[in-house]
Every structure is written in structure tokens, then in C-alpha cells.
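In what follows, every chain begins at residue 1, and chains take the letters A, B, ... in the order their sequences are listed.
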Amino acid sequence: MQFTSFSDFIAMGGYGFYVWLSFGVSALLIFILIINSLLGHKSVIQNIAARQKREDKLRQVRKQRAEANAPAMQSPVSIPTSTEINS
Amino acid sequence: MWKWLHPYADPEVSYHFTGRLLPWLSGLTLILLTIGLIWALGFAPADYQQGDSFRIFYIHVPAASLSMGIYLGMAIAAFTSMVWQLKLADASAAAMAPVGAVFTAIALFTGAAWGKPMWGTWWIWDARLTSELILLFLYLGVIALHNAFEDKNLAGKAAGILTLVGVINLPIIKYSVEWWNTLHQGATVSNLGKPSMSIEMIWPFIFCFSGFAFLVAMVICIRFRSEILARNSIRPWVRSLVIEHISAQSSTTTPSKENS
């Protein structure tokens, strides 16, 4: 151990402010980077899940409309395409 | 060797491979950095000239050399993607850029906080400092280009060209302390023949450096996996993986609902 007391350790031979500033800011930046990366992975999965849900729902609606329109042959109601529903 | 490497070009295989790698990388990071930082802060001897401000060295130098190393890795990935049209290479380059930017920022900041007590100034337009600042701007440009296009192939191509052009900056950073008269000191560690450091300073440095290196590898792996998922979102394996993930999550948060 290079330091005799805890206050000695914090003081860093008079350079305490610069040493702890460097270590603190570096730790903060790395912490933010790790959290951002982990949250990014989660949000990618959630985005894909949300899109899948939307697509499943669209498919269901389209199927229902097709069934509803089937008895009335040549009904004027057109089945919306995916781009129409999305917009 | 190519036959052995080939399966790793498959996104699904890479995704699971990096997933298995992650616990090892994070464990090694934790162990090495804990030992290294405690050693560097409390037990390494103070420099005879710079006193305890020398302890900044244990973050500054690993961060600076990793910032260049990551750029080199990104450039190799960009080159690979351009020549062999390997989509995974683009994903890895996109994963590396933010990590490199953060380590460049750390190198610059710790350099400033070290320069203030030693040189009397936070910043000076010195060759080493300026070229490292340009490296930060290169990283930010690459990140911006990766996010600027909806089409990820196009984005990868644009960012790849910038990456490859920017490689010229690496030797400039490396040799800036020799080519120009600068305030920044020359190489301390990399003189492997006769390192100009005492052995009591080298060991904590090795621990810190390898700790940071594994940290970089770990974060790149995490980001690489996100990139793979985002770029392969319509593939069946990603769909089933997402469904599995979401159902596992909902079963832990709401155990009463079974039919969700």
C-alpha cells in the first residue's frame, strides 16, 4: 500500500481532484455505454415483437374481412391492401 | 481454415456463439479490472516526477491504444464487407463504432485532466491531441452514417468508405510524437525491448489494459448481437427467438396470467 491513511489515499499527493475526476468520468462513460448497449438489445427484441404482433393482427383482420365479404359476391367493398392499412 | 470459419458467417451461429462468449468476457473483465484498478490506485508506486497524478496513466493509455485498436478492427470489418460482401462484417463495424467513440472520449478527457496539473493546461492544439480529436470526429461520422440510412446495406457501405479513408489518421496518431515536436511524451510501454517503466508499474498496467480490452470485447459482443437481430428481423429463427424471449419475460412479470 502506497498510502498511510484513507484521507491520504483520497488526496493522492495533492492530485486528488484530477485523479478522481479522470477515474470518475471514465467510469461514468463506461457505465452509460454498457447500460445503453443492454437496453439496445432489449429494445431491438421488443421492436421486432411489436412488429410481429401488428402483422399477425393485420393478417387476422384481412382474413375476417375476406370471410365477411365472401357470401356477398362481388361486393363493392374492396379488401384493403397492407399498404393502405399501414398508412 | 476457411471451411472452419465459414459457419461463423451465418448470423444465427454468430448470435449464439457470441451469446456463449459473453459470460466469459464479463467475468474476465470484472476480475482483471478489479485487480488492476485497485493495484493502480493503491499499490503501484508513484512516479518520481509526476507523483500520484501518474495513476491517470492506467486509464489513459489503455483507453487511447484501444481507441486506435477498435478503429483498426472497424476498418478491417469495413474492408471485409466491401470486398467479400459479408453482411455480418457491417454489423460488427456498426457495433464497434460507439465503443470506439467512448474510449476515444475517455482518452481525451483523462488526457486533459492529466495535462492540467502536468502541463498547466487542459487542452493544447498539439499534434497528438488534435489527431486523437479527429479520431473522435471520425467515429461520430461513422455512427451518424450507420444511422442515416433506412437501408442498412447502403449505410454500411457509406460508413465503410469513411472508415477506410479515416485509416490514414491511425499512423498520424501513432507517430505524431515522433514527427512533430509535441508536448505529449513519447511511447512509454510499447518499447518492448527496453520498457522505460519499472516492473512495479508494468504489472498493474497489464491488468488494467487487458481488463479494458475484455470490456471492449464484451460491449462489442452485446451490440453485435443487437445488430444481428435488427438486420435479420424477418428470419424465422429471429422470430421464434423473439417469441421465446417475450413469453419468458411475461411469465416472470405476470405469473398469474398463463394464457398470455
Heavy-atom distances under 4.5 Å only: say whether [X] touches chain B with side chain, backbone, both or neither.
X: A:F23; result: both
X: A:Y15; result: side chain
X: A:L38; result: both

Going by the angle between their ring planes, with limits at 30° and 60°, are [X] and [Y] parallel, tilted or perpendicular?
X: B:Y58; Y: B:F205; answer: tilted
X: B:H245; Y: A:H41; answer: perpendicular
X: B:Y139; Y: B:Y71; answer: perpendicular

Contact origin within [X] toward chain A - heavy atom pairs under 4.5 Å:
X: B:E227; result: neither
X: B:A101; result: neither
X: B:I56; result: both
X: B:F54; result: neither
X: B:L41; result: both
X: B:A107; result: neither
X: B:L229; result: both

Worksheet entry | Options B:L37, B:V99, B:I243, ranked by heavy-atom pairs under 4.5 Å with chain A, top entry |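 Heavy-atom pairs under 4.5 Å are most numerous for B:V99.
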Discussion item. I need the single residue from A:R59, A:R54, A:K53 that forms a side-chain contact (heavy atoms from CB on, under 4.5 Å) with A:D56. Which is it?
Written reply: A:R59
